[in-house]
Every structure is written in C-alpha cells, then in structure tokens.
Amino acid sequence: SRSYRAGRGDIPRTSCGKLLNQSTVTLTIMAKTIQAVRGMNDILPAASAAWQYLEDTLRDVVHAYGYQEIMLPLLEKTELFKRSIGEVTDIVEKEMYTFDDRNGDSLTLRPEGTASCVRACMQHGMLHNQVQRLWYTGPMFRHERPQKGRYRQFHQIGVEAFVMAGPDIDAEVIFMTARIWQRLGLQDTVLQINSLGTLAARAVYREALVKYLREHESGLDEDSRRRLDSNPLRILDSKNPDMQALIEGAPQLPDYLDEASRQHFSELCALLDAAGVAYEINPRLVRGLDYYTKTVFEWVTDQLGAQGTICAGGRYDGLVEYLGGKPTPAFGFAIGLERLLALLLAADTEIPSNQPHVYLVLNGQQAVHRGMVFAEELRTRLPGLRLQTNCGNGSFKSQFKRADKSGADLALVMGDDEVDAGALILKSLRHETDQETLSQQHAAARVKEIIGLD
C-alpha cells in the first residue's frame, strides 16, 4: 500500500494575483457590484447548520403535539392585511412591501402569518365544525430600520389552533413554547400572561383609559398621541422611559374584566401551576387590535441586552369574523427565528454538524469511474452517511486540501492500484492515527464503526 500525507501545514498558499493573467484577460469592471437589499440577508453555508438544527427542533416539538404543517404563499392581497392588522397601524401605513401587479391588483409580501393562515382555512372550508391545529414557517417582510435581530426579511414559526374556546388549548400552546426552550437548552426566559377580557369588557376599559390619557395628554409622546384615537391600548406597550410613570398610573385592565374572562384566566393559571410552568401576570401586556380576546402571553429575556420578546401570542376569537367568516375561537403564537438563533449562539449551544463524515479522494481514470459507483454503493449501505466525492480531478495534495476544508472526519483514498486490488485506504483527517488498507467490501462496516452511525 501507499502512504498518503495530508495536513494543513502541507498546503501551499495561493495568491489571487496568480490566478489571473492580466495580459490576456480583459475585465469589465463595474463601478459597484450588486448587493443584497438592505435588511435582507443571505444565510451562508457556515450558518446553515444552526438554522437546520433550530428548524428541526421546532418541527419535532410541534409534531409532538399533533400539529400539522400548512404552507402559505408569500404574496397576499393587500386588503387581507389592511383588514386583519388595521389600516392605521405602523405595519400597514409604513412597513408593508406593497405594489400593484400587471393586472392592477394590490399585492403585499406577507408581514406576518396569522392572517394568511386564517384566510387559507376559510378559503378551503377547514373551519366548518372541524378542530384545526396548524403550524407554518418561513420568511416575513417589513420595511423597518434594520438592527441586530430585526431585519426587513425575517423568519418566523407560527402555531394556530382553531375551534377550541376553553383555557385548555391556551395552556397546551403555552406548554409547547415552554418545551421549545427546554429542548433548545435556553434558560432565563420569563413567561408573562394577561387577560384582555371580552370585546364588551374591553370597550368599557378603553373608554376609561382614553379618558385618563386625555387628562395627561401633555405627557404623551408623538407616537402615543397618534394612537390615542386609533389604538390606545398600544400606548401601554410604550418603551419610552419618560412615559412609564404616566402608564403606571393608568387604569388597569384586570379591574374591568367580565366574570367569564376572570374564570377563563383563573383556570389557565391553575393549569400552568399544575404543570410547573412559572409565569408572571403583567396587567400592561396587551394586544391593541379589536379581535384579540381573553388570554395574551409573551416570553421575554434579557440575554440579548435589554429585555426583549422572543415569542408572543394569544387568543384572537374575533379575527375569522373580521375577515368575513363566522365567529371562531382561535389561539396562536409566533416566534422570530433570528432572535431565537441569536439566543442559541449566545448560550454556546452545541449545534450538530452537517459537514461530511467522509471525503472520497480519487486519483486516476479507473479510480474515478470505480469511485463514483462505490460512493453510491456506500450511501445506499449506510443511510445517514454524509459522503463527499472529489470531483474535478486534482493531485493528491490538492484533494487532501479539499478534504480538510470540507470538515470531514475521514478520507477514503482510491487510486488505480486500489481499484485493481479491490481495496482502498482509510485515513483520519482529525487525529494522528495510522492509515488502514481495507477491502472495498468491508469499507462500509469500518466507516460505520468509526463514525458511529446508527
């Protein structure tokens, strides 16, 4: 057998200048290369393993609760979001990517997923005496100022449950979010809950809140003054430090709850207590849109700096009716994946690798022909094996350089001599161990043993 040497120290450096012969190649240099749209980021291969781990974990959890995936279009009619979110909201007025298509129809890139999910359920008759437990994931779009963890194209996972009015489904969905943090190994997340009551009870509260705020209007910032008529409950969410004392003195929503909502909330708290899910009751936690009722919740953390929300949800029993359907109980949440991924990285979570287990080095025409077939045989015999075959020829040194760069643990080496002998050479790329000569017939068993495939 031959000895093949590989190592980072053997690899010569190559300058970009040597790759171009400027006397024979004419380049047209553009003044500026085309860049991605601001706030819409490429997810490069180095980051994809973490994304796949996160998405796989989330998928496992929602499936464990019996939720089914629904895949929704990126584009919807603009009217859907105007009616669901509200025409006077910042999202609709300032942040949506809206345009007229060639037929003159106004279309919008979805800024969130709930409205699309409700629209799909109504359109396909999924809410007629049928319980639905659904989830979706994918990109959303809002034209806002990009900053860490907040982008113009961002990704969410959403969960929606329909036709269940009791606190049991509220509890189940919150249990699901708690299990997500547990599976991801995230700590220092705090659950905040509140009840908004019925529409009638909240109308009474809104009247009292507006009266109070008008009496203190001089203390409101410009954004809050604008919301005073259109969406006064959102003023309670203001993060303006100059307004916190004023907000603390405002009437509290729990004082205005109807008896049915109090009972619903009490039963939810009892279910959370029984399951050992810790929570804080935050009377300032609101959803400003009229279709929200009863339970609302958020998970917050200070692990990314100032306290921020990583998951938000609640009961929106009025939305189906708002969009033209029959009154339908509904409960759901959304999680921003960029913020969740940032939490994982900040916690130094161990992310499973998606790099190859094995790199197949081939040298010689016979080796290339036999090696390509052998690689397929090995993948068939070892489901789950990640094997990268050298393509594009190259010397042993250059191929080992590629093998090292691939991140593979093992190299399998096949030259024309090995083809004639029905053999190959196995070499560790990460440890100082002796290389082995194996028959091709026994290679699968040895690779499985070393890598630990199930």
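Nothing here was measured: the structure is a model prediction, and the numbers come from that model.
Using modelled atom types, no side-chain atom of Asp42 and backbone atom of Leu44 make a donor-acceptor pair closer than 3.5 Å. In this structure, Thr349 contributes its side chain and Leu345 its backbone to no donor-acceptor pair below 3.5 Å. A donor-acceptor pair under 3.5 Å is absent between the side-chain atoms of Thr108 and the main chain of Arg110, judged by distance alone. At distances below 3.5 Å, at least one donor-acceptor pair connects side-chain atoms of Ser84 with backbone N or O atoms of Leu80. Between the Glu172 side chain and the Pro167 main chain, no donor and acceptor come within less than 3.5 Å of each other. Of the possible polar contacts, none joining the Glu280 side chain to the Gln192 backbone as a donor-acceptor pair under 3.5 Å is found. When atom types are taken as modelled, the side chain of Gln132 and the backbone of Met126 share a donor-acceptor pair closer than 3.5 angstrom. The closest donor-acceptor contact from the side chain of Ser48 to the backbone of Pro45 lies under 3.5 Å. In this structure, Arg202 contributes its side chain and Leu253 its backbone to no donor-acceptor pair below 3.5 Å.
Under the rule for a ring-ring contact (aromatic ring centres under 6.0 Å, His included), His128 has no partner lying at least two apart in sequence or in another chain. Residues satisfying the ring-ring contact (aromatic ring centres under 6.0 Å, His included) criterion with Tyr65, sequence neighbours excluded, are absent altogether. Residues meeting the ring-ring contact (aromatic ring centres under 6.0 Å, His included) test with Tyr136, sequence neighbours left out: none.
Salt bridge Arg226/Glu93: present, at least one basic N to carboxylate O contact under 4.0 Å. Taking a cutoff of 4.0 Å between a charged side-chain nitrogen and a carboxylate oxygen, Arg133 and Glu160 do not qualify as a salt bridge. A salt bridge is defined here as a Lys NZ or Arg NE, NH1 or NH2 lying under 4.0 Å from an Asp or Glu carboxylate O, and Asp56 with Arg59 meets this definition. By the 4.0 Å N-to-carboxylate-O rule, Arg183 lies close enough to Asp60 to be salt-bridged with it. Between Arg386 and Asp409 there is no salt bridge, since no side-chain N of the basic residue sits under 4.0 Å from a carboxylate O of the acidic one. Lys294 and Asp317 are not joined by a salt bridge, as no carboxylate oxygen comes within less than 4.0 angstrom of a charged side-chain nitrogen. A salt bridge is defined here as a Lys NZ or Arg NE, NH1 or NH2 lying under 4.0 Å from an Asp or Glu carboxylate O, and Glu377 with Arg381 fails to meet this definition. A salt bridge between Arg446 and Glu449 is present, with a side-chain N of the basic residue lying under 4.0 Å from a carboxylate O of the acidic one. Under the 4.0 Å criterion applied to side-chain N and carboxylate O atoms, Arg225 and Glu222 are not assigned as salt-bridge partners. Contact check on Glu76 versus Arg119 returns a salt bridge, with a Lys/Arg side-chain nitrogen under 4.0 Å from an Asp/Glu carboxylate oxygen.
For residues 249-260, the set of pairs meeting the side-chain hydrogen bond (donor to acceptor under 3.5 Å, both in side chains) definition, not counting sequence neighbours, comprises Thr198-Asp258, Asp258-Ser261. Pairs engaging residues 153-177 under the ring-ring contact (aromatic ring centres under 6.0 Å, His included) rule: Trp51-His155 [sequence neighbours left out].
Side chain to side chain, Thr309 and Trp299 fail the donor-acceptor criterion of an N or O pair below 3.5 Å. Between the side chains of Thr295 and Ser195, no donor-acceptor pair of N or O atoms lies under 3.5 Å. There is no side-chain donor-acceptor pair under 3.5 Å between Gln153 and Asn41.
Residues Thr189 and Val300 are not in side-chain contact: their nearest non-hydrogen atoms beyond the backbone lie 4.5 Å or more apart. Contact of the Thr433 side chain with the Lys427 side chain is not registered, since no non-hydrogen atoms from C-beta on lie closer than 4.5 Å. The closest side-chain heavy-atom distance from Leu196 to Arg315 is not below 4.5 Å. Using a 4.5 Å heavy-atom threshold, the side chains of Arg152 and Phe141 count as separate. Side chains of Leu385 and Ile451 form a contact here, defined as non-hydrogen atoms less than 4.5 Å apart. Proximity of Leu127 to Met122: side-chain heavy atoms (C-beta onward) are separated by under 4.5 Å at one or more points. Counting only heavy atoms from C-beta outward, the side chains of Arg214 and Leu228 approach each other to under 4.5 Å. Side chains of Met140 and Pro111 form no contact here, defined as non-hydrogen atoms less than 4.5 Å apart.
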As a quick check of understanding, evaluate side-chain contact (heavy atoms from CB on, under 4.5 Å) for Thr293 and Tyr316, giving each step before the final call. CA-CA 6 Å; Thr293 60; Tyr316 52 94; over 6 Å; no
Please step through side-chain contact (heavy atoms from CB on, under 4.5 Å) for the pair Glu112 and Arg142, ending with a clear verdict. CA-CA 9 Å; Glu112 57 94 36; Arg142 296 185 190 180; 3.9 Å; yes
Evaluate Lys77 against Asp105 for salt bridge (charged side-chain N to carboxylate O under 4.0 Å, His left out), listing each step before the verdict. CA-CA 8 Å; Lys77 293 181 178 178; Asp105 296 323; over 6 Å; no
Run the side chain to side chain donor-acceptor pair (under 3.5 Å) test on Tyr53 and Asn354 for me, step by step, so that the C-alpha distance in whole Å, both residues' side-chain angles and the decisive distance to 0.1 Å come before the verdict. CA-CA 9 Å; Tyr53 168 72; Asn354 61 2; over 6 Å; no
Apply side-chain contact (heavy atoms from CB on, under 4.5 Å) to the pair Leu58 and Thr137, showing each step before the final yes or no. CA-CA 10 Å; Leu58 294 170; Thr137 188; over 6 Å; no
Checking ring-ring contact (aromatic ring centres under 6.0 Å, His included) for the pair His216/Tyr212: CA distance, chi angles, key distance, verdict? CA-CA 7 Å; His216 299 82; Tyr212 169 82; 4.3 Å; yes
Quick one: do Met40 and Tyr151 satisfy side-chain contact (heavy atoms from CB on, under 4.5 Å)? Show the steps, please. CA-CA 7 Å; Met40 299 186 181; Tyr151 307 105; over 6 Å; no
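Distance CD/Glu95 to CD1/Ile85: 9.5 Å, rounded to 0.5 Å. We find the OG-NE2 distance between Ser406 and His357 to be 11.5 Å, quoted to the nearest 0.5 Å. Within the model, atoms CD of Glu376 and CG of Leu387 stand 9.0 Å from one another, a figure rounded to the nearest 0.5 Å. Atoms CZ and CG, from Phe374 and Leu360 in turn, are 7.0 Å apart once rounded to the nearest 0.5 Å. Here CG of Asp168 is found 11.0 Å from CZ of Phe331. Values are rounded to the nearest 0.5 Å. In this structure, CG on Leu54 lies 5.0 Å from CG on Leu340, to the nearest 0.5 angstrom.
Counting heavy atoms of neighbouring residues, nucleotides and ligands inside a 6.0 Å radius, atom CD of Gln187 does not exceed 12 of them. Within a 6.0 Å radius of CZ in Arg179, no more than 12 heavy atoms belonging to other residues, nucleotides or ligands are found. Shown here is Glu69, whose CD atom has more than 12 heavy atoms of other residues, nucleotides or ligands within 6.0 Å.
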Give the table of side-chain donor-acceptor pairs shorter than 3.5 Å for residues 241-249, with sequence neighbours excluded, one pair per line with atom names and distance.
{"from": "Gln244", "atom 1": "NE2", "to": "Ser238", "atom 2": "O", "distance (Å)": "3.0"}
{"from": "Gln244", "atom 1": "NE2", "to": "Asn240", "atom 2": "O", "distance (Å)": "2.9"}

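Using cut-offs of 30° and 60° on the angle between ring planes, the pair Tyr291 and Tyr322 is perpendicular.
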